[in-house]
Colleague: 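I'd like to ask you about the structure that follows.
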Amino acid sequence: MTPRNAGRTAALAAALLMAGGTLAACGGGDSTVSGVPDSESVAPPPGGAETTSSRAPATEDSGRFTEAPAPVSPDSPGYDTPVVGARERGYLAALEEEGVQTGELSESLVAAGNTICRIRSTGGAAGETTTIADAVAGQISAGGYADDDAEVDDLSRLVVDTAAGQLCP
């Protein structure tokens, strides 16, 4: 080994040792936080005051958090149907003029139209509006609320275009 190569090798070895030492000082490599402390005691808050409330052990379910809320029935207090104002009535009337029977689907159509407008106004992707419009167009087609020869794709475009023209600012 030449003196020049020996110097490079020594410098490389020193750099690797320093990098390894720095990483070892960072801890055991598990950088996740489980949210559950290792012990059942809680450190006192700054100022040294002891807390008087006891903490539930990590294995006990406090019941405060659930995986998913229970479904809300339409007759529950606080459940609101979409507001149907002048703009929404104009939207429904425009769909009626295009051959869509809106009577039984008015809530779904208004909700879908308002959602389409919200997605468009916040810069959402076109695919998001298409998904909403396809769903309501499927309801229109499956329920027989439009001409039998109306294609779902055409109904979907109709819902988006009518929402954009009647509901969206």
Side-chain angles (χ1 to χ4, degrees), residues 26-38 40 42-47 49 51-169:
C26 290
D30 180 13
S31 62
T32 61
V33 176
S34 66
V36 180
D38 293 334
E40 291 186 22
V42 178
T51 59
T52 58
S53 64
S54 63
R55 186 170 170 271
T59 58
E60 184 179 315
D61 182 14
S62 66
R64 292 186 303 180
F65 302 103
T66 60
E67 290 297 316
V72 178
S73 67
D75 59 347
S76 296
Y79 181 84
D80 295 324
T81 58
V83 176
V84 179
R87 292 172 84 164
E88 288 79 9
R89 284 191 299 274
Y91 165 67
L92 293 172
L95 288 172
E96 287 275 346
E97 290 174 10
E98 294 295 327
V100 176
Q101 300 166 14
T102 62
E104 292 181 31
L105 293 178
S106 63
E107 288 181 11
S108 295
L109 290 167
V110 168
N114 285 333
T115 302
I116 290 166
C117 290
R118 189 170 30 259
I119 291 168
R120 291 171 61 115
S121 69
T122 59
E128 294 175 28
T129 59
T130 302
T131 301
I132 300 295
D134 286 349
V136 78
Q139 287 180 323
I140 294 168
S141 179
Y145 298 108
D147 295 334
D148 290 338
D149 60 342
E151 297 289 325
V152 174
D153 288 341
D154 294 335
L155 291 171
S156 180
R157 272 191 295 280
L158 174 66
V159 169
V160 171
D161 293 344
T162 306
Q166 297 290 326
L167 292 175
C168 301

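What you see is a predicted model; the values in this text were computed from it and never measured.
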Colleague: In Å and rounded to the nearest 0.5 Å, what is the OH to CG distance from Y145 to L95?
Modeller: 14.5 Å
Colleague: Can you name the side chain to side chain donor-acceptor pair (under 3.5 Å) partners of S141, sequence neighbours left out?
Modeller: none
Colleague: Please list, chain by chain and in numerical order, all residues satisfying side chain to side chain donor-acceptor pair (under 3.5 Å) with Q139, sequence neighbours excluded.
Modeller: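 Checked Q139 against side chain to side chain donor-acceptor pair (under 3.5 Å); zero matches.
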Colleague: For R89, which residues count as a side chain to side chain contact (heavy atoms under 4.5 Å, CB included) partner, sequence neighbours excluded?
Modeller: V84, A86
Colleague: Please set out all donor-acceptor pairs under 3.5 angstrom arising from side-chain atoms of residues 128-137, sequence neighbours excluded.
Modeller:
residue, atom, partner, partner atom, Å
T129, OG1, A126, O, 2.7
T130, OG1, A126, O, 3.0
T131, OG1, G127, O, 2.8
D134, OD1, S156, OG, 2.7

Colleague: Please round to the nearest 0.5 Å and tell me the distance separating atom CD of E104 and atom CG of L109.
Modeller: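 The CD atom of E104 sits 11.5 Å away from the CG atom of L109.
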Colleague: Given the rule in the side chain to side chain contact (heavy atoms under 4.5 Å, CB included) test, do V152 and I140 qualify, once you have shown the distances and angles that lead to the verdict?
Modeller: CA-CA 8 Å; V152 174; I140 294 168; over 6 Å; no
Colleague: Quick one: CZ on R87 to CG on L92, what's the gap to the nearest 0.5 Å?
Modeller: 13.5 Å
Colleague: With sequence neighbours left out, what residues match D154 under salt bridge (Lys or Arg N to Asp or Glu O under 4.0 Å)?
Modeller: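 By the salt bridge (Lys or Arg N to Asp or Glu O under 4.0 Å) rule, D154 matches R157.
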Colleague: So, taking the atom named CD in E98 and the one named CG in L155, what distance separates them when rounded to the nearest 0.5 Å?
Modeller: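 Result: 10.5 Å between the selected atoms.
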Colleague: With E151, which residues qualify under side chain to side chain donor-acceptor pair (under 3.5 Å), at least two apart?
Modeller: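 So E151 forms no side chain to side chain donor-acceptor pair (under 3.5 Å) with any residue.
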Colleague: With side chain to side chain contact (heavy atoms under 4.5 Å, CB included) as the criterion, how do I116 and R120 come out once you've worked through the C-alpha distance, each side chain's angles and the decisive distance to 0.1 Å?
Modeller: CA-CA 6 Å; I116 290 166; R120 291 171 61 115; 3.9 Å; yes
Colleague: Can you give the donor-acceptor pairs under 3.5 Å from side chains of residues 158-169 to other protein atoms, not counting sequence neighbours?
Modeller:
residue, atom, partner, partner atom, Å
T162, OG1, L158, O, 2.6

